[in-house]
Amino acid sequence: MTLIIILIVFVLSLALCLVETFLIPGFGICGIISALCAIIGVSMAFSAYGMAVGFAAAAAVLIVGGLLLYWVMHSKRIKRLSLHATIDSSVANDVLSQVKVGDSGVALTRLALVGNARLGEVETEVRSASGFIEEGTPVRVVRINRGEIYVSANPNNI
């Protein structure tokens, strides 16, 4: 009778592990109960049948768990659920490749630290490196840092 109960606990552990893997993904309640069932089954095998059977049960749980993990990682369902997109964008975009330090332009909006400016043929968002800059004020690019263009009032064109 004890052997049947131990086998039922192991089958329940395996079934809950499969439910956790395929029906309710994530480390949730089914995964926790599955691990507890495996531990309970191994401890029951140790107490009812001794060390040899207990170690055999523990080895069986580890082997079946490893095979299950291998099977899950190579299953088509996991591949369908996996994200296969690649990131093809970068911080450096077309605007940054056209704007260089020292380029001149004009503020299109009031630069209350951030605003828009026309730098040559390019209209883009810029940051003020020298406080507030009014709309229509000539500006010059003083630095480009982490995809942000910093400008200051251009005293040569005022």
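Quick note: residue numbers are just sequence positions, from 1.
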Contact between [X] and [Y] at the side-chain level, heavy atoms closer than 4.5 Å - yes or no?
X: V139; Y: I133; value: yes
X: V141; Y: V126; value: no
X: V42; Y: F55; value: no
X: I33; Y: C37; value: yes
X: V101; Y: V142; value: no
X: Y49; Y: L3; value: yes

> Mind checking whether I63 and V9 sit in one hydrophobic cluster, side chains of I, L, V, M, F, W, Y counted as touching below 4.5 Å?
Replying inline: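 The answer is no; the residues belong to distinct hydrophobic clusters.
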
How long is the straight-line distance from [atom2] of [Y] back to [atom1] of [X], given to the nearest 0.5 Å?
X: L108; Y: T137; atom1: CG; atom2: OG1; value: 11.0 Å
X: R143; Y: I149; atom1: CZ; atom2: CD1; value: 12.5 Å
X: N116; Y: E125; atom1: CG; atom2: CD; value: 6.5 Å
X: L18; Y: S13; atom1: CG; atom2: OG; value: 9.5 Å
X: Y150; Y: N145; atom1: OH; atom2: CG; value: 5.5 Å
X: L36; Y: I29; atom1: CG; atom2: CD1; value: 8.5 Å

Which atom pair, heavy atoms only, marks the closest approach of [X] to [Y]?
X: V61; Y: A38; value: CG1-CB, 4.1 Å
X: R140; Y: S104; value: NH2-OG, 3.2 Å
X: F10; Y: A57; value: CZ-CB, 4.0 Å
X: Q98; Y: V122; value: OE1-CG2, 2.7 Å

>> With a 3.5 Å distance limit and no angle check, can you tell me whether S43 reaches the backbone of I39 through a side-chain donor-acceptor pair?
In response: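 Judged by distance alone, yes, a pair lies under 3.5 Å.
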
>> Under 4.0 Å between a side-chain nitrogen and a carboxylate oxygen: does that hold for E135 and R110?
In response: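 A salt bridge is absent here (no side-chain N lies under 4.0 Å from a carboxylate O).
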
>> As a quick check of understanding, evaluate side-chain contact (heavy atoms from CB on, under 4.5 Å) for V53 and F46, giving each step before the final call.
In response: CA-CA 7 Å; V53 174; F46 269 110; over 6 Å; no

>> side-chain contact (heavy atoms from CB on, under 4.5 Å), that's the test. Do I5 and M44 meet it? Break it down for me.
In response: CA-CA 9 Å; I5 293 173; M44 286 174 65; 3.4 Å; yes

